[in-house]
Amino acid sequence: VQLQASGGGLVQAGDSLRLSCAASGRTFSNYNVGWFRQAPGKEREFVAAVSRGGGSTIYADSVKGRFTISRDNAKNMVYLQMNDLKPEDTAVYYCAANPQYRIDWYSRGVSSWDYWGQGTLVTVSS
């Protein structure tokens, strides 16, 4: 499956932004999708994930209550709605996919994901 992330930009603290991840190539509903981010000089970190059917989601503690992940399998799209953005949310955001049966605690690891899109840069100014 091929993934393409978009929607990044420069915003101010407290603003909202919605990232999109477009998928193509295979049956999208067979894949869990996750969002990761990587700030300059830091390792890539887990942000959120949604299960194949959309019924299960998990979030990093740092974004819980502010970010919402959702998917539209009919459109082969996954979204990350980001509210109340903070300067520490500044990073390149990546979407990823895997065909595992479910998402769980292990989904927070980079190695759990098989397919990656290119990143989209989110910059939050204070």
Side-chain angles (χ1 to χ4, degrees):
V1 62
Q2 291 79 45
L3 304 170
Q4 183 166 355
S6 62
L10 173 63
V11 297
Q12 294 186 332
D15 284 352
S16 297
L17 203 60
R18 189 177 81 159
L19 303 184
S20 298
C21 178
S24 63
R26 296 191 180 183
T27 305
F28 182 58
S29 58
N30 288 343
Y31 293 84
N32 305 307
V33 177
W35 284 97
F36 286 75
R37 66 187 181 186
Q38 188 165 17
K42 295 188 177 182
E43 294 185 351
R44 192 169 298 190
E45 65 174 5
F46 172 78
V47 175
V50 60
S51 60
R52 296 184 293 180
S56 179
T57 58
I58 54 175
Y59 296 92
D61 288 344
S62 59
V63 307
K64 199 173 295 183
R66 299 188 298 123
F67 290 12
T68 302
I69 188 171
S70 61
R71 66 189 297 162
D72 185 340
N73 284 345
K75 296 182 178 179
N76 286 4
M77 296 291 294
V78 170
Y79 306 101
L80 185 68
Q81 178 66 43
M82 306 186 295
N83 298 329
D84 189 24
L85 283 161
K86 306 176 185 300
E88 51 265 40
D89 294 319
T90 295
V92 177
Y93 284 71
Y94 299 88
C95 57
N98 71 42
Q100 295 175 11
Y101 180 69
R102 57 184 291 180
I103 57 173
D104 210 320
W105 60 269
Y106 46 77
S107 302
R108 301 172 186 269
V110 171
S111 61
S112 291
W113 301 88
D114 302 302
Y115 305 95
W116 292 84
Q118 93 295 350
T120 185
L121 176 62
V122 173
T123 303
V124 184
S125 63
S126 58

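What you are looking at is a predicted structure, and each value in this text was computed from that prediction instead of being measured.
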Once rounded to the nearest 0.5 Å, what's the spacing between atom [atom1] of [X] and atom [atom2] of [Y]?
X	Y	atom1	atom2	answer
Ile103	Trp113	CD1	CH2	6.5 Å
Asp89	Thr123	CG	OG1	11.0 Å
Thr120	Tyr93	OG1	OH	10.5 Å
Lys86	Ser126	NZ	OG	12.5 Å

Check: Arg66 side chain, Ser62 main-chain N or O, donor-acceptor pair, under 3.5 Å: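 Checking the backbone N and O of Ser62 against the side chain of Arg66, a donor-acceptor pair under 3.5 Å is found.
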Sidechain-backbone polar pair: Arg52 side chain, Ser29 backbone, donor-acceptor under 3.5 Å: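 Looks like no, no N/O pair under 3.5 Å.
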State, with a plain yes or no, whether a side-chain heavy atom of [X] is found less than 4.5 Å away from one of [Y].
X	Y	value
Phe67	Asn83	no
Ser20	Met77	yes
Trp35	Val50	no

Connected via hydrophobic side-chain network under 4.5 Å: Ile58 and Phe36: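 Result: yes, single cluster for both.
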Phe46-Val92 co-clustered via ILVMFWY side chain contacts under 4.5 Å: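 Same cluster.
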side-chain contact (heavy atoms from CB on, under 4.5 Å) evaluation trace for Arg37 with Val63: CA-CA 12 Å; Arg37 66 187 181 186; Val63 307; 4.0 Å; yes
Evaluation steps, side-chain contact (heavy atoms from CB on, under 4.5 Å), between Leu80 and Arg18: CA-CA 6 Å; Leu80 185 68; Arg18 189 177 81 159; over 6 Å; no
Tyr106 OH: over 12 foreign heavy atoms closer than 6.0 Å: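 Correct, the count exceeds 12.
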Neighbour count >12 (heavy atoms, 6.0 Å) for atom CD, Gln4: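 No, the 6.0 Å shell around CD holds no more than 12 heavy atoms from other groups.
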With Tyr79, the side chain to side chain contact (heavy atoms under 4.5 Å, CB included) member among Cys95, Cys21, Ser70: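 Looking at Cys95, Cys21, Ser70, the match for Tyr79 under the side chain to side chain contact (heavy atoms under 4.5 Å, CB included) is Ser70.
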Passing option when Val78 is tested against Leu3, Asp72, Leu19, Val33 for side chain to side chain contact (heavy atoms under 4.5 Å, CB included):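 Exactly one option meets the side chain to side chain contact (heavy atoms under 4.5 Å, CB included) with Val78, and it is Val33.
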SB check Lys64 Asp61 (cutoff 4.0 Å):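 Here Lys64 pairs with Asp61 in a salt bridge, since their nearest N and O are under 4.0 Å apart.
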Under 3.5 Å side-chain donor-acceptor pair for Asn98 and Asp114: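 Not at all, the side chains of Asn98 and Asp114 share no donor-acceptor pair under 3.5 Å.
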Asn32 and Ser51 side chains, donor-acceptor separation under 3.5 Å: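 There is no such pair between these side chains.
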Test log, rule side-chain contact (heavy atoms from CB on, under 4.5 Å), inputs Leu85 and Leu17: CA-CA 8 Å; Leu85 283 161; Leu17 203 60; 3.8 Å; yes
Where Val1 and Ala97 come nearest, the two heavy atoms and their spacing: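 For Val1 and Ala97, the tightest heavy-atom pair comes out as CG1-CB, 4.1 Å.
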Which atom of Ala60 lies closest to which atom of Arg108, heavy atoms considered: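 Scanning both residues, the minimum pair turns out to be CA-NH1, 3.9 Å.
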Stepwise side-chain contact (heavy atoms from CB on, under 4.5 Å) test for Gln100 and Tyr31: CA-CA 7 Å; Gln100 295 175 11; Tyr31 293 84; over 6 Å; no
Parallel, tilted or perpendicular: rings of Tyr94 and Trp116 (30°, 60°):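 Rings of Trp116 and Tyr94: perpendicular, over 60°.
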